[in-house]
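The structure under discussion appears below in the form of structure tokens.
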Amino acid sequence: MSDRSRLLPLLRARPLALLLLPLAASCGGGGGGSGGGATATSVELLVGDAPVDDLSSFELTLTGLFLTEQGGGETPNLLTGARSVDLLALVTRSALLEVHAAPAGTYESARFAFDDATLVARDLTGAPVIVTPTASGAAADFAAPLVIAAGERARVHFELPLAGTLTDDLANPGQLIWAPALLVSDRKGEDEPLDEVHGVVAREFPDDSRLRIALQDRDTDARHGELTLSLSPTTVLLDDDGDPFANERAFFAFTRSSDRIEASGVLAADGLFDADLVHVERVSGGGNDDVARLHGTVTDLDLAGDTLTLRLRNVAFGKSVVDPVLAGLGDPAEIEISYVGAEIKLRGDDPRGGDENDLAVGQAVKIDFATFVSEPFPAHEIEIEDEQAEYEGTIVDASGLPGSVVIHLEPHDPAVVAGLVDSSTTDVDVLLDGSERLWLHLRGEPEIDAGLLADGLRVKVRGDLSGSSSAPTLTASSLRVEPGELRGTVTAVNQSIGTFVVDVDSLDDPFGGAALPDPVTFRLDAAAFFTGAASDASSFFALFAGLGSGESIDVRVAGIADGLGGALTWSIEANMVD
């Protein structure tokens, strides 16, 4: 049996979250002063958060988003154009789709639509996995009517769960069937981390440390609203060569109208985008020089031939150019890239321009192409996510804590594929000195103590690999933990100490260490994120207190074992069951 035919028994999914954010926004983007203009109701559409263990990408093109008014009637499409997204690239951050005017009204449900012909998934080796959807969208009711008034700021959370909606296609081994479903809830007053936004400079406000951009789709160049970027002393400002500006004044002196901008940061509750990085991408001749951008992982380097092997993850833009070429090659999992003459840029803790000596097996990269015709495809620009490579595996011995753990890498990990580590059963010593970042792969990226690391947890470690292939050592700078996940029914709560008890129906991911008891007691972290029928801890406990005869609360809970027979949780999906 192939790995892909075994995909679904191993596949564990957490929800995809779509976020719809109606808010009052001035031309300055959520505040007066810089930009002026009249206040008007608007809607910001975002998509995010859909981790799946055994897929590396899950792409589709959203074609519509609608609100259904109380008593009937539906808004026009809130998307002014189709938007392509890779759901699995949006685990801890969302992607801003559009800023759009929204009619005031009272709404009882929501609906989204997508083009089923655009659905493309890849497994962990980069190989395509065919997914057949049973519908081209889904709808759901709000728990309480959503009221949008002119000038009011609100936030609505859409969730498209993958767990339970993806199944094996028995008629076509190795393929999947997807039955889309939707949950939707009203959420207000939260900051939303964004992966990256793209646009062009519309107006500058250097006295206020703000930059107004017109959001622009990289595939079509279509405009889809405006956003104000707020800069701070900690914002990393990069020029078109990827090098930092000396200061904010130099940034504004260089930047000009219609420069292309790529930025990452947090969309604040006030509507401003608090940028942590802003990159000016000046395009010669005023147009888009590049025809495509691919995201992937370096699995091999030929330093003599100036080529690298790229394991494909997704096409960020240029699908109309890339897809026919890849199809002609038989839809490969990996392609060969020439980096002769390519501009190389480093991100991570020390953003700067780089060169070929900065390339390494295991790095996640974004590669832009001025042409995309045949292998080796000539790279125009290579952006390295972090100069330290990332290694994926499972903790097999945590007895060395707090100073070390032993992991076994996954068979598909580039270090194993390239022979840097002998096999997926080779012990890799991961060294921890307390300076590394330890965090859970969840919304908000909560940091955890090393004492919570335990056997059985799946991790991704960023750091320096040394030693022989038979006895490798990995000095960690960051260790990302995949949280455990289970589903069940809430049987008891204790609001005073922030705990609840779950009668377990299924365990989808390990919580680490010894098996959890059934039922299991969860303790809420202060930053826990709720979806479904509850929006926060207070409403969750109130929901349980108000249960009537025959009613219950089913939950999907993600977190990590506490080592005391229970677990900590940062993510709870709650659903009422009659």
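What you see below is based on every heavy atom in this structure, not just the backbone, and it leaves out hydrogens, waters and symmetry mates.
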Evaluate Val428 against Val461 for side-chain contact (heavy atoms from CB on, under 4.5 Å), listing each step before the verdict. CA-CA 11 Å; Val428 179; Val461 184; over 6 Å; no
Spacing of [X] atom [atom1] and [Y] atom [atom2] [to the nearest 0.5 Å]:
| X | Y | atom1 | atom2 | value |
| --- | --- | --- | --- | --- |
| Tyr391 | Leu409 | OH | CG | 9.0 Å |
| Asp562 | Thr569 | CG | OG1 | 11.5 Å |
| Thr299 | His412 | OG1 | NE2 | 12.0 Å |
| Ile407 | Asp397 | CD1 | CG | 12.0 Å |
| Ile448 | Leu440 | CD1 | CG | 4.5 Å |
| Phe529 | Ser571 | CZ | OG | 7.5 Å |

Only counting residues at least two apart or in another chain, list the ones meeting ring-ring contact (aromatic ring centres under 6.0 Å, His included) with Phe369. Phe372
Residues forming a ring-ring contact (aromatic ring centres under 6.0 Å, His included) with Phe500, sequence neighbours excluded: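 Testing Phe500 for ring-ring contact (aromatic ring centres under 6.0 Å, His included), a comparison that skips the adjacent residues, returns Phe522, Phe540.
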Heavy-atom side-chain proximity of [X] to [Y] below 4.5 angstrom:
| X | Y | result |
| --- | --- | --- |
| His441 | Pro483 | yes |
| Phe377 | Val325 | yes |
| Val520 | Val501 | no |
| Leu294 | Ile335 | yes |
| Leu308 | Val365 | no |
| Ile177 | Thr134 | yes |
| Leu524 | Phe541 | yes |
| Ile384 | Leu359 | yes |

Output all residues satisfying side-chain hydrogen bond (donor to acceptor under 3.5 Å, both in side chains) with Lys460, sequence neighbours left out; order by chain, then residue number.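 Residues passing side-chain hydrogen bond (donor to acceptor under 3.5 Å, both in side chains) with Lys460: none at all.
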Considering residues at least two apart in sequence or located in another chain, which fulfil the side-chain contact (heavy atoms from CB on, under 4.5 Å) criterion with His408?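 Only Val396, Asp427 meet the side-chain contact (heavy atoms from CB on, under 4.5 Å) criterion with His408.
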Under the rule for side-chain contact (heavy atoms from CB on, under 4.5 Å), what residues qualify as partners of Asp323, not counting sequence neighbours?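 For Asp323 the side-chain contact (heavy atoms from CB on, under 4.5 Å) partners, ignoring immediate neighbours, are Val315, Lys319.
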Does a side-chain N-to-carboxylate-O contact under 4.0 Å join Glu196 and Arg218? no
Lys/Arg-Asp/Glu bridge criterion (N-O < 4.0 Å) met for Glu192, Arg443: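 Yes, Glu192 and Arg443 are salt-bridged.
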Step-by-step side-chain contact (heavy atoms from CB on, under 4.5 Å) determination, Arg458 to Glu392: CA-CA 8 Å; Arg458 298 178 65 238; Glu392 182 177 2; 3.1 Å; yes
Of all the heavy-atom pairs spanning [X] and [Y], show the shortest one and how long it is.
| X | Y | result |
| --- | --- | --- |
| Pro414 | Val298 | CB-O, 3.7 Å |
| Ala292 | Val322 | CB-CG2, 3.5 Å |
| Ser469 | Gly419 | CB-O, 3.6 Å |
| Ala537 | Phe530 | N-CE1, 3.5 Å |
| Ala454 | Gly512 | CB-C, 3.8 Å |
| Val291 | Phe317 | C-CE1, 3.9 Å |

Checking the side chain of [X] only, and the main-chain atoms of [Y] only, is there a donor and an acceptor separated by less than 3.5 Å?
| X | Y | result |
| --- | --- | --- |
| Thr75 | Leu67 | yes |
| Ser423 | Thr425 | yes |
| Arg462 | Gln388 | yes |
| Asp123 | Ser56 | no |
| Asp300 | Thr309 | no |
| Thr489 | Asp503 | no |
| Asp578 | Glu551 | no |
| Asp455 | Gly513 | no |
| Asn77 | Leu79 | yes |

Does anything in residues 325-336 form a salt bridge (Lys or Arg N to Asp or Glu O under 4.0 Å)? List the pairs, not counting sequence neighbours. Arg311-Glu334
Ring-face cation of Arg111 near Phe66 (centre distance under 6.0 Å, axis angle within 45°): yes
Verdict with reasoning, Ser478 to Trp439, per side-chain contact (heavy atoms from CB on, under 4.5 Å): CA-CA 8 Å; Ser478 172; Trp439 58 286; 3.2 Å; yes
Are Val504 and Leu516 close enough, and set up right, to give a side-chain contact (heavy atoms from CB on, under 4.5 Å), and what steps lead you there? CA-CA 10 Å; Val504 180; Leu516 293 177; over 6 Å; no
So among Leu442, Asp525, Leu457, which one has a side chain to side chain contact (heavy atoms under 4.5 Å, CB included) with Ile560? Leu457
Among Val129, Leu119, Asp169, whose side chain to side chain contact (heavy atoms under 4.5 Å, CB included) with Leu176 holds?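 Of all the options given, the one that passes is Val129.
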